[in-house]
Undergrad: 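Submitted below is the structure of interest, expressed as structure tokens.
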There are 2 protein chains.
Amino acid sequence: MTTKKSKSENSIVDIARVLGISPATVSRALNNNPRISEATRKRVKETAKEMGYRHNSMASSLRNRRSNIIGLIVPRISMYFHSFFITSLQRQLQAAGYNLMICQSNDSVDLEKELANTLYSARVDALVVSLTLYTKDITHFEGFLQQGIPLVFYDRVPVLGAPAYIIKGDDYRGGLLAGNHLMQAGCVHMAYISGPMSSSIYQERTRGFLDALAKQGMSMREDWVYHHELTVENAWNSLRRLFEGEQLPDGIFAANDTTAIAAVEFARERGIRIPDDLKIIGYSNDPRTAIVTPAITSIEQYPSEMADKVADTLIHALQAHPTVFHAIGEPLVCPVDLVRRMTT
Amino acid sequence: MTTKKSKSENSIVDIARVLGISPATVSRALNNNPRISEATRKRVKETAKEMGYRHNSMASSLRNRRSNIIGLIVPRISMYFHSFFITSLQRQLQAAGYNLMICQSNDSVDLEKELANTLYSARVDALVVSLTLYTKDITHFEGFLQQGIPLVFYDRVPVLGAPAYIIKGDDYRGGLLAGNHLMQAGCVHMAYISGPMSSSIYQERTRGFLDALAKQGMSMREDWVYHHELTVENAWNSLRRLFEGEQLPDGIFAANDTTAIAAVEFARERGIRIPDDLKIIGYSNDPRTAIVTPAITSIEQYPSEMADKVADTLIHALQAHPTVFHAIGEPLVCPVDLVRRMTT
DNA sequence: TTGTATGCGTTATCAA
DNA sequence: TTGATAACGCATACAA
């Protein structure tokens, strides 16, 4: 490899000059426009290669009024669910000729707003968003709607709905499955550690879980329901409080796997036997749930399949396809499943 | 309702027309050019806001010949090391006004080439790359060098060097630490499960590990050294072969944590006691090593700190700073540390 | 089949 | 302090 810096770049105008033809012809030849002769096309492409020509996406985007870039705002790239979602989404979009501009909100509403504005200015052709835990107001996405730029919310979607494409997991059913499973396993005194109710996913998981219990005529001690960000530290704090009273819980529904793992470690430290004395179920089927001892029962969300749905929706919307893949504002709900392991 | 067709977008020309001033003035006002009066600036900004104006990065990029986009090619976004590296890098670059275009090569050389070309055409201002396991030829990055576009390799860097910025972990020392630690823990019959030697990181970890042993006058059975992609399946295959002979190993250096975790699970299944009968050390200090039982000793690579170095290098290079942060072609080597847990 | 002319929206240069 | 103009590189409508 050499470092030799060549003179300034060659444009289609330079190629045209060299070949003694017009820039328009060069442009058409390079874009495989059928109205150009095979001979010219070949000549142009060869010369372009020789001259080290590279297509300028910025100029092309400006002229075409489309960037071929799709924006993605995700709370945290390092979360299992999102990292697999992204991998799958990117593969699909790449194949369709789009590039992904991935940004992390880090669960900060302010940062989410800033990123939305940046991507708006960057003229992304579409925007895909999984909201922060605390996003209530979604006016920072209004510009996209007004400009008719396809907007897709997935997983953590606006609580109050939105005139956008909405693709979400069946969190209600996930909660229901968790509740039913714990009860079938014999739990009578259940605790629930959930994320903040400002997020759609925890609202629904909570509703599903409580409905499951209610259907069996069971109710929960209010002080055994915790709502906070589901970090390791917060989990331990809640677990300590949960186990400081007389009555001990015999089942815990942890609304994410990080919390479920913390619960397993907490139980180990306290010498609480799992699943005999305490049953635990997590959420997301993070691969970590399979490697801890005992392996944790969890709810699978199929991130790749959800990404496929998002990609399909995007591609249809971007091509202004006559039959829309699914209606704007009508949530598309993706299935979830219980994965039973050793903690229940 | 009138039939007035709502104009899709307002440009600075539209703002200029409304205010009866020139587009140049509008541009300068919006860019906080000091040669514009405070009054005008305020008037322009207010009107821009009212008219729902958004800056067009494509046009601006074309004119300025810089996109403010930095390309990133990473083998797999879901690997712990890379996902934390990305998070940190993105925060830094965001703060400096750059957007990241993240792409995954999925350890495919062909895809890496394609992505390099795409990002080249997309006119990224700089490119950051961690190579696939198999990339030997790096001519697909030559265009960047020829155009003087800053090119940074990190972690998995070109084996033969390159006239680019190179930032890597101290894999040689990591291997050395692993070897010394196993020997200090009393291991005499060690096995080594490594990734393909086509990758810089495994070359160096291997060299370090073998050097450590050699310094103590120890050598390794050649059939106890495995080289393959470090997946769960491959790990189990190698482990099975490793334990099918008469002589059993008393120590394993796994060149990544996925393999170390597999080794722990394998030992559990076989009833091999850890660390009594077998000691295990992994690489990367993936958080998973801390949650398996027993928790695994590993080598910390400090991904965030490496990202900081990459960000510093990029920002200096992009500003054509007189004092370059570090010389082109001279690898910047980042420290690693041993994190001792229960498997040694 | 190819050429001419124009404009996408912005900003740097030069002039006023 | 502001304005007029040109150009960044490309792709299209229209003309030939």
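Labels below follow one simple rule: chain letters A, B, ... track the order of the sequence lines, proteins then strands, and each chain is numbered from 1.
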Undergrad: Tell me: CE of A:M51 to C1' of D:dG9, nearest whole Å?
TA: 14 Å
Undergrad: What contact category does B:V13 fall into here, base, sugar-phosphate, or nothing, at under 4.0 angstrom with non-hydrogen atoms?
TA: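 Answer is base: heavy atoms of B:V13 come under 4.0 Å of a base.
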Undergrad: Given atom CZ of A:R65 and atom C1' of D:dT12, what is their separation to the nearest angstrom?
TA: 13 Å
Undergrad: Please list, chain by chain and in numerical order, all residues satisfying salt bridge (charged side-chain N to carboxylate O under 4.0 Å, His left out) with B:R41, sequence neighbours excluded.
TA: B:E38
Undergrad: What integer distance in Å separates A:N64:CG from D:dC10:P?
TA: 12 Å
Undergrad: Taking only side-chain nitrogens and oxygens of B:R63, does any of them come within less than 4.0 Å of OP1 or OP2 of D:dG9?
TA: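 Checking D:dG9 against B:R63, no side-chain N or O comes under 4.0 Å of OP1 or OP2.
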Undergrad: Quick one: salt bridge (charged side-chain N to carboxylate O under 4.0 Å, His left out) partners of B:K168, sequence neighbours excluded?
TA: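 Here the qualifying residues are B:E204.
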Undergrad: Shoot me the first and last contacting nucleotide of DNA chain C against chain B, ordered 5' to 3', at under 4.0 angstrom to non-hydrogen atoms.
TA: C:dG9 to C:dT13
Undergrad: By the definition side-chain contact (heavy atoms from CB on, under 4.5 Å), identify the one residue from A:V44, A:D14, A:T40 that meets it with A:L19.
TA: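 Exactly one pass, corresponding to A:V44.
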Undergrad: Specify the closest pair of heavy atoms between B:L119 and B:L72, including all atoms of both residues, with the distance to one decimal.
TA: CD1-N, 4.2 Å
Undergrad: Name all residues meeting the salt bridge (charged side-chain N to carboxylate O under 4.0 Å, His left out) criterion together with A:R66; count only those two or more places apart in sequence or in a different chain, and write none if there are none.
TA: none
Undergrad: Which parts of residues 26-45 of chain A get close to DNA chain C, meaning a heavy atom less than 4.0 angstrom away?
TA: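 Within residues 26-45 of chain A, the residues near DNA chain C are A:R28, A:R35, A:I36, A:S37, A:T40.
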Undergrad: Rounded to whole angstrom units, what separation is found between the CG atom of A:L62 and the P atom of D:dA7?
TA: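 My rounded result for the distance is 17 Å.
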Undergrad: Distance check needed: D:dT2 C1' versus B:L19 CG, whole Å only.
TA: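 So the two atoms are 13 Å apart, to the nearest Å.
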Undergrad: Can B:D137 and B:T139 be counted as having a side-chain donor-acceptor contact under 3.5 angstrom?
TA: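 The answer is yes; a qualifying pair exists.
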Undergrad: Roughly how far, to the nearest 0.5 Å, is the CG atom of B:N99 from the CD atom of B:Q94?
TA: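 So the gap between those two atoms works out to 6.0 Å.
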Undergrad: Of all the heavy-atom pairs spanning A:F81 and A:P303, show the shortest one and how long it is.
TA: O-CB, 3.6 Å
Undergrad: Does any N or O in the side chain of A:N10 come within less than 3.5 Å of the main-chain N or O of A:I15, such that one atom is a donor and the other an acceptor?
TA: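 Side chain of A:N10 to backbone of A:I15: no pair is present.
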Undergrad: Between the axis at one end of the helix from C:dT1-D:dA16 to C:dA16-D:dT1 and the axis at the other (five pairs apiece), what's the angle to 10 degrees?
TA: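 That helix gives 30° between its end axes.
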Undergrad: Between the side chain of B:S27 and the main-chain N/O of B:P23, is any donor-acceptor distance below 3.5 Å?
TA: no
Undergrad: Any carboxylate oxygen within less than 4.0 angstrom of a Lys/Arg side-chain nitrogen, looking at B:D308 and B:R91?
TA: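 Result for this pair is no, no salt bridge flagged.
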Undergrad: Would you kindly give the CG-to-C1' distance between A:N56 and D:dC8, to the nearest whole Å?
TA: 8 Å
Undergrad: May I ask you to check whether A:Y165 and A:F153 place their ring centres under 6.0 Å from each other?
TA: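 No - the distance between ring centres of A:F153 and A:Y165 does not fall below the 6.0 Å cut-off.
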Undergrad: For the pair made of CD1 in A:I15 and P in D:dA11, what is the distance, rounded to whole Å?
TA: 11 Å
Undergrad: Would you kindly compare B:I21 and A:R54 by the position of their nearest DNA chain D nucleotide and give the one closer to the 5′ end?
TA: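 Checking each residue's closest nucleotide, the 5'-ward one belongs to B:I21.
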Undergrad: Which whole-number value in Å describes the distance from A:N10 CG to D:dC10 C1'?
TA: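 A:N10 atom CG is separated from D:dC10 atom C1' by 15 Å.
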Undergrad: With nearest nucleotides of DNA chain D determined for A:P23 and B:G20 from heavy-atom distances, which residue corresponds to the more 5′ nucleotide?
TA: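 Comparing both residues, the 5'-ward one is B:G20.
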